[in-house]
Amino acid sequence: MKINHIKKTNLIIFKYLWLIILLPKEIQFFVYLGIILLLLVRNRIIVDKITMLFFLAILVQFLAIIYQFTQTQFDLIRTLAAFNTLLIWLIAVLYYSYFKMGSMKTDVNRLAKYMFINVVILLLIYLLYLSISTSEIHIFGYTWYLRREDYLLTGNTTRFSGLMETVLGPSHLFLFAFPISLIYVKNFKYNIIKYIYILISYIAIFSTHSRIGIVICFLVSVLGIIYIYLSKRKTNIHKELKIYKVMKFFLFFLFIVVFVVALLNFNIILEYLNQFWSLREGSNNARFDIYSRSILKTLNESPLIGIGIKYMIGDFPYGSHSTYIGLFYKSGIIGFILFTSAILLIYKKLWINSRKTPHSKVLFFMLLLYLGLLVFADIDASNWTIVSWFSIWGILSNRKNIMCEGTNDENFNN
């Protein structure tokens with residue numbers, strides 16, 4: 001199946017993703033704003049049900065911010081930060097709407113190649129991290145962090161941050177770039193190279209020492225191995241379906257075995273999990289203090305539309321370190337319902353678009369796991385994370401972009 005000519009500018013945010021990542025957050029904002037305005041000059045977006053739900057959720061947060069002006073509590077800096085967050089959400093939704101348009105055909109092969117390059121750049125930065133002891137890189141008065149120091153119960157540790165704003169940055173990038181990159185990687189000639197790529201990619205994430213990132217990215221890596229196995233180019237669709245059934249039986253059998261082993265060694269596993277969870281006990285206590293106080297503040301002061309502005313609790317703002325709690329804090333019950341409804345509808349569309357082949361279903365579950373990371377991470381902590389994710393959702397929600405396209409094998413195009 002031939003892909004229609006597509007202007008490369010449509011994917012410029014992924015082609016030059018690392019250049020955007022290295023820009024200060026304020027400049028990122030204007031870069032994304034400028035690009036989407038240029039794209040929308042040539043293409044008019046269509047507001048569908050999902051887009052409308054997002055717009056309504058943003059409107060609720062806007063009303064919550066305005067409501068704060070009527071209160072005695074007012075903080076100019078935090079109010080400006082709230083408007084900045086509101087605008088980046090709006091820009092991200094516009095990217096989703098642009099790529100989701102029925103008339104917008106995206107070159108998935110080109111996108112997958114860009115994602116592969118982005119993951120390789122992350123690995124090159126990881127090699128730099130292993131090679132030098134410098135923690136910070138200073139250029140033109142701006143600082144990029146290659147590593148950050150942290151304290152564990154076992155002592156100090158160094159965490160790979162990949163020149164990003166937080167140590168969770170590499171996990172955010174991995175969880176959208178790695179699954180899409182496999183569409184490109186699966187066409188490599190030798191399977192051993194594909195599996196080595198999966199292994200090496202995960203090692204970089206492991207060095208961030210982010211507990212939720214390590215767990216979620218590990219699961220995605222395992223699914224990546226299954227994806228590569230199911231997407232062998234010479235396998236016809238009927239044989240692939242049989243393999244898929246065998247894999248399902250194997251996974252079910254493996255689950256039973258793991259479950260039985262876990263029961264027999266429950267105390268040992270429980271002790272290990274407790275040690276893993278308690279590695280940064282101070283971080284756990286701080287997080288759950290923020291969570292509980294954010295929920296209570298919202299319920300007590302403005303349960304329906306939320307607080308809107310992230311006021312500070314010591315060194316951290318209310319509603320931080322969790323996308324879901326942050327949404328509840330900023331937009332209350334109404335905004336939270338609108339947002340979660342929109343996300344569920346997005347993944348419903350992704351599931352429908354993934355039903356062409358078994359390996360595309362695996363890709364769907366890889367992308368679905370990102371929602372688990374958002375329990376302990378903010379999707380809008382960096383401008384590039386929220387724009388990238390909404391763009392990916394838009395591209396794969398578009399019916400013209402067959403999910404897991406990226407092969408010219410006639411068995412997949414008939």
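Counting begins at 1 with the first residue of the sequence. Quick note: numbers below take in every heavy atom, side chains included, and nothing from hydrogens, waters or symmetry partners.
Residues Leu173 and Trp18 meet the side-chain proximity criterion, which asks for heavy atoms closer than 4.5 Å. Using a 4.5 Å cut-off on side-chain heavy atoms (C-beta onward), Asn383 and Ile20 make no contact. Between Leu182 and Leu363, the closest side-chain pair of non-hydrogen atoms is not below 4.5 Å. A 4.5 Å side-chain heavy-atom check between Ile21 and Leu163 finds every atom pair outside the cut-off. With a 4.5 Å cut-off on side-chain heavy atoms, Phe376 and Ser322 do not count as touching. Looking at heavy atoms from C-beta onward, Tyr318 lies out of side-chain contact with Ile307 at the 4.5 angstrom threshold. Using a 4.5 Å heavy-atom threshold, the side chains of Ile121 and Ile125 count as touching. Side-chain contact between Pro170 and Met164 is present, with heavy atoms from C-beta onward closer than 4.5 Å.
Residues Tyr291 and His321 place their aromatic rings such that the two centres sit no closer than 6.0 Å. Between Phe188 and Phe116, the ring centre distance stays below 6.0 Å. The aromatic ring centroids of Trp393 and Tyr96 lie 6.0 Å or more from each other. For an aromatic pair to be called close, the ring centres must be under 6.0 Å apart, and Tyr142 with Trp144 satisfies this. Side-chain rings of Tyr126 and Phe160 approach one another, their centers coming within less than 6.0 Å.
Of the possible polar contacts, none joining the Asn118 side chain to the Ala177 backbone as a donor-acceptor pair under 3.5 Å is found. Using modelled atom types, no side-chain atom of Thr208 and backbone atom of Ala204 make a donor-acceptor pair closer than 3.5 Å. Although no hydrogens or angles enter the test, the distance criterion places no donor-acceptor pair under 3.5 Å between the side chain of Ser320 and the main chain of Phe316. In this structure a side-chain-to-backbone donor-acceptor pair under 3.5 Å is present from Arg147 to Thr134. A donor-acceptor pair under 3.5 Å is formed between the side chain of Tyr202 and the backbone N or O of Ile214. With hydrogens and angles disregarded, no donor-acceptor distance shorter than 3.5 Å links the side chain of Ser388 to the backbone of Thr385. Proximity of a side-chain donor or acceptor of Ser331 to a complementary backbone N or O of Leu327 within less than 3.5 Å is detected. Put simply, the side chain of Lys194 gets close to the backbone of Lys186: a donor and an acceptor are under 3.5 Å apart. Side-chain atoms of Ser354 never come within 3.5 Å of backbone atoms of Lys361 as a donor-acceptor pair (strictly under, hydrogens ignored).
Side chains of Tyr311 and Gln68: a donor on one and an acceptor on the other come within 3.5 Å. Remark: the Thr143 side chain and the Glu136 side chain contain no N/O donor-acceptor pair separated by less than 3.5 Å. Judged by distance alone, the side chains of Tyr197 and Ser181 do bring a donor and an acceptor atom under 3.5 Å apart. Judged purely by distance below 3.5 Å, without hydrogens or angles, the side chains of Ser210 and Ser171 never pair a donor atom with an acceptor atom. Between the side chains of Asn10 and Tyr98, at least one donor N or O lies within less than 3.5 Å of an accepting N or O.
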**Request:** May I have the step-by-step check of side chain to side chain contact (heavy atoms under 4.5 Å, CB included) for Phe69 and Ile309, ending in yes or no?
**Result:** CA-CA 10 Å; Phe69 284 98; Ile309 300 173; 5.9 Å; no
**Prompt:** Leu86 and Phe83: side chain to side chain contact (heavy atoms under 4.5 Å, CB included), yes or no, with the steps?
**Reply:** CA-CA 5 Å; Leu86 193 72; Phe83 275 115; 4.3 Å; yes
**Prompt:** Can Lys49 and Leu345 be said to form a side chain to side chain contact (heavy atoms under 4.5 Å, CB included), step by step?
**Reply:** CA-CA 9 Å; Lys49 180 167 60 176; Leu345 288 175; 4.0 Å; yes
**Request:** Would you please test Tyr95 and Phe390 for ring-ring contact (aromatic ring centres under 6.0 Å, His included) and show each step?
**Result:** CA-CA 7 Å; Tyr95 274 95; Phe390 271 78; 9.9 Å; no
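How far CD1 of Ile137 is from CD1 of Ile132: 5.5 Å, rounded to the nearest 0.5 Å. In this structure, Asn109 CG and Tyr184 OH are separated by 10.0 Å, a value rounded to the nearest 0.5 Å. Interatomic distance, CH2 of Trp384 versus OG of Ser391, reported as 12.5 Å (0.5 Å rounding). Atoms CG and CG, on Leu304 and Leu63 in that order, are 12.0 Å from each other to the nearest 0.5 Å. Between atom CD1 of residue Ile27 and atom OH of residue Tyr32 there is a gap of 13.0 Å, rounded to the nearest 0.5 Å. Atom CD of Glu301 and atom OH of Tyr67 lie 8.0 Å apart (nearest 0.5 Å).
Figure legend: cation-pi geometry between Lys310 and Tyr329 absent, as NZ or CZ is not positioned both under 6.0 Å from the six-membered ring centre and within 45° of its axis.
Heavy atoms only, all atoms of each residue included: Ala57 and Leu338 are closest at N-CD1, 3.6 Å. Minimum heavy-atom separation, Phe364 to Tyr347: CE1-O, 3.2 Å. For the residue pair Ile290 and Ser294, the shortest heavy atom distance occurs at O-OG, 2.6 Å. Taking every heavy atom of both residues into account, Phe328 and Thr298 meet most closely at O-CG2, 3.5 Å. For Leu168 against Ile212, the heavy-atom pair with the smallest separation is CD2-CG2, 4.2 Å. The minimum heavy-atom distance linking Ala92 with Ile386 is given by the pair CB-CG1, 3.7 Å.
Remark: Phe29 CZ is packed, more than 12 non-hydrogen atoms of other residues, nucleotides or ligands lying under 6.0 Å away. Heavy-atom contacts from other residues, nucleotides or ligands closer than 6.0 Å to CZ of Phe30 number 12 or fewer. Atom NZ of Lys348 has 12 or fewer heavy atoms from other residues, nucleotides or ligands within 6.0 Å. By the neighbour-count criterion of 12 heavy atoms within 6.0 Å, atom CD1 of Ile77 is sparsely surrounded, having that number or fewer from other residues, nucleotides or ligands.
Using a 4.0 Å cut-off between a side-chain N of Lys or Arg and a carboxylate O of Asp or Glu, Lys330 and Asp380 qualify as a salt bridge.
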